[in-house]
Amino acid sequence: MEGLNSFITSFCGSCILLGFLFVLCPSGGMAGSVKYIFCLCFLCCVLGAAFSIKTPDFSQFSAYGSSEILSEQNAAVTAQTVFCEALRQKNINFRKITVDTNKLNDGSIIISKVTVYSSDDSSRIVEAIGSDSYKVVIINE
C-alpha cells in the first residue's frame, strides 16, 4: 500500500509541476522543444514512481486455507437433497427425509441410515434409494 501511495503522490506532484511549467512555456520556435523536454520529464517521473511499487504480499490469504470444507452436517444435507430428487424422479410421495452420517477415524464421512416418512410403497422407496452400505428406514404415515 505504501508503494501505491508513493506512486499517486509522485504522479500528482509531477502533473502539477509540469502543468505549471507548461503555462510558462515560451511561444514560437522553441515551444516544441520545451514541450518535448517536459514530456520526457513527466515520463521519467511516472516510470520512476512505477518502479518503486513493490510486489503485493498475499501470504495472509494462504494462512486461512486449512479450514475443513466438508463436515458431517454438510454431507447429510447434500445426501438428503440427492435422495429427495431421486424420490421425486420416481414419483414417490414423501413428507420428509432424514439422513444420519458418521465420521470415521480416517476423516471420511459415511451415510449410516436414511429415514423416509412416506405413505407410498416401501419396495419402491428401497428400489429408488436403497443400498447395501446404509440402512433405509421407512415410516408409514
Side-chain angles (χ1 to χ4, degrees), residues 1-27 29-141:
M1 197 66 182
E2 183 180 323
L4 185 62
N5 285 339
S6 68
F7 173 76
I8 291 172
T9 304
S10 173
F11 180 77
C12 291
S14 63
C15 285
I16 292 170
L17 178 66
L18 291 174
F20 177 71
L21 291 175
F22 185 75
V23 171
L24 298 177
C25 182
S27 59
M30 286 189 64
S33 302
V34 173
K35 288 180 184 178
Y36 180 73
I37 292 172
F38 286 165
C39 288
L40 286 178
C41 291
F42 179 73
L43 187 63
C44 288
C45 290
V46 170
L47 288 177
F51 287 127
S52 71
I53 297 176
K54 296 178 184 172
T55 58
D57 181 25
F58 296 113
S59 63
Q60 292 179 349
F61 291 111
S62 63
Y64 300 111
S66 63
S67 64
E68 185 177 303
I69 295 173
L70 186 63
S71 67
E72 283 185 75
Q73 184 179 10
N74 290 344
V77 169
T78 304
Q80 182 179 355
T81 306
V82 170
F83 290 140
C84 286
E85 186 60 30
L87 292 177
R88 281 191 190 108
Q89 287 182 0
K90 296 286 184 173
N91 293 325
I92 297 173
N93 295 324
F94 63 95
R95 182 177 63 88
K96 180 177 156 184
I97 294 178
T98 58
V99 178
D100 296 331
T101 58
N102 289 328
K103 190 168 190 174
L104 301 178
N105 291 336
D106 63 352
S108 61
I109 300 171
I110 62 166
I111 299 171
S112 59
K113 182 172 80 169
V114 178
T115 307
V116 180
Y117 297 88
S118 175
S119 60
D120 220 330
D121 185 28
S122 62
S123 62
R124 289 183 60 210
I125 295 172
V126 171
E127 181 184 325
I129 63 170
S131 174
D132 293 336
S133 62
Y134 54 86
K135 182 180 176 183
V136 178
V137 177
I138 300 160
I139 299 177
N140 289 328
E141 296 184 324

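Positions are given from 1, in the same order as the sequence printed here. Only this structure's heavy atoms are used, side chains among them; waters, hydrogens and symmetry mates stay out.
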If you measure from [atom1] on [X] to [atom2] on [Y], what distance do you get to the nearest 0.5 Å?
X: Ile97; Y: Ile125; atom1: CD1; atom2: CD1; value: 8.5 Å
X: Leu104; Y: Ile110; atom1: CG; atom2: CD1; value: 4.5 Å
X: Leu18; Y: Lys35; atom1: CG; atom2: NZ; value: 13.5 Å
X: Ser119; Y: Ile92; atom1: OG; atom2: CD1; value: 11.0 Å
X: Asp100; Y: Tyr134; atom1: CG; atom2: OH; value: 13.0 Å
X: Asn93; Y: Asp121; atom1: CG; atom2: CG; value: 12.0 Å

In this structure, are over 12 heavy atoms from other groups packed under 6.0 Å from Glu85 atom CD?
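Check passes, neighbour count above 12.
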
Surrounding CG of Asn105 (heavy atoms of other residues, nucleotides or ligands, distance under 6.0 Å), is the total greater than 12?
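Count not over threshold, so no.
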
Do you know which two heavy atoms are closest between [X] and [Y], and how far apart they sit?
X: Ser112; Y: Thr101; value: OG-N, 4.1 Å
X: Arg124; Y: Lys90; value: NH2-O, 2.7 Å
X: Thr78; Y: Asn74; value: OG1-O, 2.8 Å
X: Asp120; Y: Asn91; value: OD2-O, 4.0 Å

Chi angles and distances behind the ring pair (Phe, Tyr, Trp, His ring centres under 6.0 Å) call for Phe83, Phe94:
CA-CA 11 Å; Phe83 290 140; Phe94 63 95; over 10 Å; no

Is there side-chain contact between Ile129 and Val116, with at least one heavy-atom pair below 4.5 Å?
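A side-chain contact exists here, since the closest heavy-atom pair is under 4.5 Å.
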
